[in-house]
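Notes follow the structure.
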Amino acid sequence: MNDVVPALLMLLARHRRREAELVALFDTASELAGQRDPDAVLKSIVHRARMLLGADLSYLSLNDPVVGDTYMRVTDGSISPLFQRVRLGMGEGLGGVVATGARHYATADYFADKRFNHTGPIDAAVRDEGLVAIVGVPLTLENRVIGVLYAADRAAREFTPDEVALLSSLADHAAIAIDTTNLLEETRRAHETIQAHNEAMQRAEDAHDRLTDLVLRGASVPEVASAVAEVLGGAVAVHDAEGVELTDTGIPARAVTASRAVLRDGIWVCAVLAGPELLGSIALSGRPSLDGADRRLFERASVVTALLLMLGRSVVEAENKVRGELITDLLAGRDGPGLVARGRRWGVDLTAPHTVLAIDGPAAAVTRVARARGGLAGVSGSYGVLVLPGDVDVAELAKTVGTAGAAGPVSGPAALTAAWDEAVRCLRALVALGRSGEGATMADLGFVGLLLGDRGDLDGYITATLGPVLEYDARRGTELVATLRAYFACGSNLTRTKDELHVHVNTVVQRLDRIATLLGEEWQSPARALEVQLALELHRVKG
């Protein structure tokens, strides 16, 4: 009888402990089902393991497949920062055996146990925590170990099979919690991906509608570029086939022939194509990366730009044809009043002063200048034609259009026709003089212009060549002009000149120095000397 009572008490205690374990497992399962915070579930499982096993410490480690080791995830009862940060290589320490062997492992005396591989860092962490007895069970998912759940004491202890089974049950719950976390994370990522895709699709649809509306409303290339820049969050530039920017961003042109977006020096570039023909390029800055819908939108913008450029080309070609016909009739001197009326329909008043230019250069550049300055452009023979309002800095304009001969400004169809003939002669003279690439009028060509021009301005030529000397004589009563005549008449010989003038040779030298000051040191060069002599002769003839 005396032996029965203790046995019954032990059995009753065991049943009560088992009941407590089952309740704990049930609570854990319920908590797992209702808990949205997986970290809280893991902490709860580790805490229950410590309480149910009456251990000094419990902890959970997870495998890191990227690094290839095991790291501490949750601890309960730990007092050592070193232990809380420890990492175990696969196969190292007690936990490494559990992680690689997929079975539980228990030791009553960690440091005396030689069945597993001891390492310095792991032993130091265990010693710092003061642990002696440790048991670990694997966390498995689909026959794959993902971590280890531990219970430990700071004194020697044998862990019973029931305790190991309980710890294993809690480990199963922990594995479920981790699996649930993974599923939730995958679901969240999938949801975010779907949401991002939907947003991108909606954004692309809105952008497409906006671009379509701009095209249908006849928007310009800069307006489309501005809309694309707003959608993509960067700066957008469009260049034509010659690399001239059609927008106003300052982004330099980059050579590209691909219809797909490519990154060049930090700038995304896509060719603007009409079939195999390269119309230009579109560039995007301020976007280090360009993926998915944004990239497709940028490439679609190149297609829309190509459409606008083709439409613009058609309009320009039609306009150029009409303007070209107007230029042809104007240069041929046909139907003066009719020409004036036709010009006004295109916003050009031929009765106002205009400069006429003959161009030996790119036709596209001539057309651009005419459109920019409100003039007319065309072709006559092998030369380009420009009729621009007002006076023109032809030397500066030549930097854009090529060699240019100019005449005017003149008013009226008849005068413009005559000015064209003079501009052609001026252009040919520039080429003959080896001055290709320059721009000039007949007046700029000196005596050559005087000889070639129909409307030679003798007084203007004399003043342009001898003006400072004539003015000096008139103001001071000197005889510099007479000295010049005598000097050239005597073959530039000082002795003969002083005899001709009946003055001392030093007087001749002083007068020539004064002339050099007035006309420039180059006045005796062959070309300048010829112009000066011609001006002297014209001055003499005119009295």
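This is a predicted model, so every value here is computed, not measured.
- Separating the CG atom in Leu480 from the CD atom in Gln510 is a distance of 11.5 Å, to the nearest 0.5 Å.
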Checklist entry - Where do Leu397 and Leu388 land on the side chain to side chain contact (heavy atoms under 4.5 Å, CB included) test, with the steps shown first? => result CA-CA 11 Å; Leu397 185 65; Leu388 300 178; 4.1 Å; yes

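- At a threshold of 4.5 Å between non-hydrogen side-chain atoms, the residues Tyr71 and Asn63 do not count as touching.
- A distance of 10.5 Å separates CD1 of Ile515 from OH of Tyr472, quoted to the nearest 0.5 Å.
- No side-chain donor-acceptor contact under 3.5 Å links Thr400 to the backbone of Glu396.
- Closest non-hydrogen pair, Ile267 versus Ala283, comes out as CG2-CB, 3.9 Å.
- Atoms CZ and OG1, on Arg428 and Thr403 in that order, are 13.5 Å from each other to the nearest 0.5 Å.
- Expressed to the nearest 0.5 Å, how far OG1 of Thr441 lies from CD of Glu422 amounts to 8.0 Å.
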Checklist entry - Passes side chain to side chain contact (heavy atoms under 4.5 Å, CB included), Leu376 versus Val385? Steps please. => result CA-CA 8 Å; Leu376 296 173; Val385 184; over 6 Å; no

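- The minimum heavy-atom distance linking Leu430 with Glu438 is given by the pair CD1-O, 3.8 Å.
- Within 6.0 Å of the CZ atom in Arg514, the count of heavy atoms belonging to other residues, nucleotides or ligands does not exceed 12.
- Rounding to the nearest 0.5 angstrom, the gap separating the CE atom in Met72 from the OG atom in Ser61 is 6.5 Å.
- Side-chain atoms of Thr351 and Ser411, non-hydrogen and from C-beta on, never get closer than 4.5 Å to each other.
- Of all the heavy atoms in His354 and Ala352, the pair that sits closest is ND1-O, 2.8 Å.
- The two residues Gly375 and Pro389 come nearest to each other via the heavy atoms CA-CD, 4.1 Å.
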Next on the checklist: Between Thr497 and Leu512, is the side chain to side chain contact (heavy atoms under 4.5 Å, CB included) condition met? List the steps.
Outcome noted: CA-CA 11 Å; Thr497 303; Leu512 294 179; over 6 Å; no

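- Counting heavy atoms of neighbouring residues, nucleotides and ligands inside a 6.0 Å radius, atom CD of Gln524 exceeds 12 of them.
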Item to check | Check against side chain to side chain contact (heavy atoms under 4.5 Å, CB included), Leu386 and Val392 | outcome: CA-CA 11 Å; Leu386 267 177; Val392 174; over 6 Å; no

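- We find the CZ-CD distance between Arg485 and Glu500 to be 12.5 Å, quoted to the nearest 0.5 Å.
- Asn493 places a side-chain N or O within donor-acceptor distance of the main-chain N or O of Thr495, the cut-off being under 3.5 Å.
- When side chains are defined from C-beta on, Leu519 counts as touching Arg528, because their heavy atoms get closer than 4.5 Å.
- Here the closest heavy-atom approach between residue Gly437 and residue Ala398 is recorded as O-CB, 3.8 Å.
- Taking all atoms of both residues into account, the shortest heavy-atom contact from Asp391 to Thr355 is CA-OG1, 3.8 Å.
- The aromatic rings of Phe488 and Trp523 lie perpendicular to each other, with more than 60° between the two planes, well past the 30° mark.
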